[in-house]
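The figures here come from the full heavy-atom set of this structure, side chains too, leaving out hydrogens, waters and symmetry mates. Owing to the predicted nature of the structure, the values given are computational and were not obtained by experimental measurement.
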Amino acid sequence: MEAAARGSFVLGNLAEVVERVLGFLPTKALLRAACVCRLWRECARRILRARQRVAWVSALEPGPAESHALVRALARELEKVHVLPQTVLYIADAETFSGHEDCHEQKKARKRNSKETAIALEKLLPKRCQVLGLVTPGIVVTPMGSSSNQPQEIEEGEAGFALLFPKIDGVKIHTFHFSKDLKNRVFDESKFAEAGLKNNPDLRVVLLFGYNSWKSGATRFLHQIVNPLNEKSIILAGGQVESFTSLTSENNNAQPGDACGVVGLAFSGPQIQSATVLLDQDVADERTAEAAMQRLKAANIPERNTIGFMFACVGRGYRHYKTKRNMEADAFRKFFPNVPLFGFFGHGEIGCDRIVTGNFVLRECNDIKDDLLHGYTTVMTLIHLGSTKANQV
């Protein structure tokens, strides 16, 4: 009895001990523990503020027809993650997400649609979380467990991932959406400032994703978005996707429509460093793929707390490399053994060779604007989110 009383006293009064114990809990369990008393709540807040590493959930195996593999994986893994997501980017394969593919070689369509699947995913996430969801023809994903796991290029079949960005000191991440106005051919550039993409000296990286690219005027509209943002001090990267399925934020809850448009994520903060390289059609074997990764390595982007993105054309992959699979992801892993890689195969790519590290930018003396829109290429991108606290879980 005396020992129990001493234990109760310690857990009710000594913040250092409580914080040490609670620090072993995943976020959902930690939030439940925070309801016990004021001391535990304050300890939980300090622990969550210190957890600033990006986490992810990946799904690589198909399952029952009733739900997409990413929904099941997210429901399971959110019980285990040690971050509180503030922004989530999820990408899934278009065919099975929307239910267009035959299930397990049987001649029956999957019993799901993209809207229902998107709602199921959003319900799993915190209410105040920004969510951007995309569907694409193919997925590039690093399996869960370690940032050094071998990334996979999944060009066919059910797959997806969700990147979970917590609140990070000195970094602001926000979603944006520009939809083509069918009545006005000229884009109102004041919308850039409203979205934080202009008059923002801390803007470092913009990931852009065009959707409904087959629509009339889609390419012209994409140029209207990309060209004003084409500055040497900003990394632009992304590509053309099938559709966006989720876009939620404090000020915006957009739904996919029939018009074409652009969605994306903007990363602002003086500590952010980034670089991109373009693998053009001449990159067609292991040697030239590795040479491109050497260019990216030469940017000297810190690899701790860094994420890699790969935006490739559906015409690349094993077809481009003469039936050899996973060529570009393998080349990336060779030069960046501890950086997780994510991305997709899409219908066009956005990006160029560019480095942004503090006040230095690649080819800063070149006044000619880089060509950012491509086909049959791959854009490799690194985003470093700054140094992380040593006491993170």
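The salt bridge (charged side-chain N to carboxylate O under 4.0 Å, His left out) check on Lys198 picks up Glu231, with sequence neighbours excluded. Evaluation of the ring-ring contact (aromatic ring centres under 6.0 Å, His included) rule for Tyr90 yields no partner, not counting sequence neighbours. Leu124 is linked by a side-chain contact (heavy atoms from CB on, under 4.5 Å) to Val71, Leu74, Ala75, Leu78, counting only residues two or more places apart in sequence or in another chain. Judged as a ring-ring contact (aromatic ring centres under 6.0 Å, His included), and not counting sequence neighbours, the contacts of Phe336 are Phe332. The salt bridge (charged side-chain N to carboxylate O under 4.0 Å, His left out) test applied to Lys215 returns no partner, not counting sequence neighbours. Residues meeting the salt bridge (charged side-chain N to carboxylate O under 4.0 Å, His left out) test with Glu328, sequence neighbours left out: Arg316. Every residue two or more places apart in sequence or in another chain that forms a ring-ring contact (aromatic ring centres under 6.0 Å, His included) with Phe165 is listed here: Phe267. Checked against side-chain hydrogen bond (donor to acceptor under 3.5 Å, both in side chains), Arg46 has the following partners two or more places apart in sequence or in another chain: Glu19. A search for side-chain hydrogen bond (donor to acceptor under 3.5 Å, both in side chains) contacts involving Gln281 returns nothing, not counting sequence neighbours. Applying the salt bridge (charged side-chain N to carboxylate O under 4.0 Å, His left out) rule to Glu189 yields no partners; only residues at least two apart in sequence or on another chain are considered.
One finds a salt bridge joining Arg319 and Glu156 here, because a Lys/Arg side-chain nitrogen approaches an Asp/Glu carboxylate oxygen to under 4.0 Å.
Counting only N and O atoms by type, the side chains of His177 and Tyr211 include a donor and acceptor under 3.5 Å apart.
Between the CZ atom in Phe309 and the CD1 atom in Ile91 there is a gap of 7.5 Å [rounded to 0.5 Å].
Within the structure, side-chain hydrogen bond (donor to acceptor under 3.5 Å, both in side chains) contacts touching residues 333-342 (residues at least two apart or in different chains) are Glu290-Lys334. Residues in residues 125-152 take part in no ring pair (Phe, Tyr, Trp, His ring centres under 6.0 Å) pair, two or more places apart or across chains.
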